[in-house]
Amino acid sequence: MFRTRTSMSAARGRGTAVRALPRTAAVRGIAVGALALLPVATGVPAQASTAPAPVQWAVLGDSYTAGVFVGDPSPPLGDAGRDGCDRTTGSYPNLVERRLAADPPAGREVRRTDVSCGNATIPEIDSARQTPVSPVRPPGAGWPDLAPQADRGRLSASTDVVTIGVGGNSLPFGTLFTSCLLAGIGRPDEATPCRDAYEADGTPLDPESIHDKYDRVTREYATMLRNVRRKAPNAKIITVGYPTIVPEDPSGCDRNDPTELAVHLKGVGLLSVTQGDVACCTK
């Protein structure tokens with residue numbers, strides 16, 4: 001993405017064992033494989049007449065984990081368990097669970113506790129309360145705030161696997177993207193106004209440089225991982241990334257097409273990110 005002085009690999013934290021994965025279709029297969037290793041890594045040999053202990057899997061994360069708008073609501077509309085987090089049946093944890101139910105790893109049932117929530121930030125995984133923002137049938141008084149996901153996920157010494165997908169809302173990506181749209185007004189395709197601004201002091205809408213953003217997010221992520229490890233000392237922790245959302249070669253993208261690099265903003269007109277800024281985000 002932008003050039004930065006700080007490597008995100010530092011976010012793993014000293015002494016914290018985690019595994020980073022890309023947020024692609026391959027994640028489902030890799031996650032299945034990681035869970036399948038657990039009978040060897042954490043299983044306790046059972047007597048022949050005793051069923052093996054279930055694998056306890058805690059799912060933490062933001063909208064990309066919750067699967068916002070990619071399936072039916074889960075819990076369904078009208079269910080008393082709805083909390084405004086917009087989890088769906090099309091989320092990757094739901095798909096992985098279904099596959100594991102059909103073919104349990106070494107015969108061990110996998111029990112998923114999914115507390116992922118749309119719009120979650122890094123601190124809301126381990127230490128901060130979150131107020132959900134779902135527009136789908138909110139209660140009259142609005143959604144009540146929720147405890148940190150690590151608490152709602154009941155992390156403990158008996159937790160076997162924790163998957164975490166979070167970070168975009170902590171940049172925050174939405175504000176960053178809007179800044180890039182505004183910076184592109186009247187600029188030629190090859191210009192990099194958004195990168196130039198963020199490598200300096202940020203933008204009028206978002207006055208934080210990209211270097212400061214990555215430094216801050218790295219510290220937040222490292223703290224979060226340490227706290228998750230403290231709550232689930234025996235778990236395999238798997239960090240899950242995000243899909244690629246911009247093309248490696250933007251030269252064929254139409255800046256006038258709102259399905260590509262442009263957005264129609266009411267009262268303003270057509271806004272678009274320059275191809276130069278898109279190209280810099282893939283490096």
Side-chain angles (χ1 to χ4, degrees), residues 1-4 23 61-71 73 84-86 88 90 117-124 130-138 140 142-143 145 165-217 220 241-283:
M1 195 176 176
F2 299 89
R3 292 188 294 269
T4 179
R23 175 60 170 89
D62 58 22
S63 60
Y64 277 94
T65 299
V68 174
F69 303 131
V70 298
C85 286
D86 283 336
T88 73
C117 195
N119 208 44
T121 62
I122 295 169
E124 288 164 349
Q130 177 181 0
T131 301
V133 295
S134 172
V136 182
R137 299 189 188 178
W143 298 107
D145 65 345
V166 72
N169 296 309
S170 290
L171 280 173
F173 178 77
T175 303
L176 190 151
F177 183 67
T178 302
S179 293
C180 289
L181 286 169
L182 294 171
I185 296 175
R187 301 302 299 272
D189 289 346
E190 66 277 7
T192 57
C194 192
R195 183 180 70 177
D196 295 345
Y198 273 111
E199 289 187 345
D201 299 316
T203 70
L205 185 65
D206 187 17
E208 182 183 34
S209 75
I210 198 65
H211 308 294
D212 290 341
K213 283 183 181 295
Y214 281 167
D215 286 346
R216 172 177 54 79
V217 168
E220 291 176 351
Y242 292 93
T244 299
I245 60 175
V246 294
E248 290 188 12
D249 180 8
S251 61
C253 295
D254 186 351
R255 291 184 64 193
N256 296 311
D257 186 344
T259 67
E260 296 187 12
L261 299 182
V263 171
H264 277 293
L265 188 63
K266 186 176 180 179
V268 178
L270 188 72
L271 304 179
S272 65
V273 181
T274 67
Q275 292 177 351
D277 274 332
V278 172
C280 87
C281 290
T282 62
K283 297 177 181 177

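All residue numbers in this chain count up from 1 along the given sequence.
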(message) Enumerate the salt bridge (charged side-chain N to carboxylate O under 4.0 Å, His left out) contacts for residues 169-185, please, sequence neighbours excluded, ordered by first and then second residue.
(response) none

Taking all heavy atoms of [X] and all of [Y], pick out the closest pair and write down the distance.
| X | Y | value |
| --- | --- | --- |
| A120 | E124 | CA-OE1, 3.4 Å |
| G71 | T88 | N-OG1, 3.5 Å |
| W143 | P132 | CD1-O, 3.8 Å |
| S134 | D86 | OG-OD1, 2.8 Å |
| V246 | T244 | O-CG2, 3.2 Å |
| G118 | V68 | CA-CG2, 4.3 Å |

(request) Apply the test side chain to side chain contact (heavy atoms under 4.5 Å, CB included) to residues Y242 and D62: give CA-CA distance (whole Å), side-chain angles for both, the deciding distance (0.1 Å), then the verdict. (result) CA-CA 11 Å; Y242 292 93; D62 58 22; 2.4 Å; yes

[X] side chain near [Y] side chain, heavy-atom distance below 4.5 Å:
| X | Y | value |
| --- | --- | --- |
| V166 | Y64 | no |
| K213 | D206 | yes |
| S170 | E220 | yes |
| T274 | C194 | no |

(request) Measure the spacing between CG of N169 and CD1 of I122 and express it to the nearest 0.5 Å. (result) 9.5 Å

(message) I need the I210 CD1 to E199 CD distance, nearest 0.5 Å.
(response)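 Nearest 0.5 Å value for the CD1-CD distance: 8.5 Å.
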
N/O donor-acceptor pairs under 3.5 Å from side chains in residues 179-187, not counting sequence neighbours:
residue: S179; atom: OG; partner: T175; partner atom: O; Å: 3.0
residue: S179; atom: OG; partner: Y198; partner atom: OH; Å: 3.3
residue: S179; atom: OG; partner: T203; partner atom: OG1; Å: 3.0

(request) Any side-chain hydrogen bond (donor to acceptor under 3.5 Å, both in side chains) involving residues 261-273? Give me the pairs, sequence neighbours left out, ordered by first then second residue. (result) R255-S272

(message) Would the distance check show the side chain of E260 and the main-chain N or O of D254 forming a donor-acceptor pair, the cut-off being under 3.5 Å?
(response) yes

(request) Walk me through it: do V263 and T178 pass the test side chain to side chain contact (heavy atoms under 4.5 Å, CB included)? (result) CA-CA 10 Å; V263 171; T178 302; over 6 Å; no

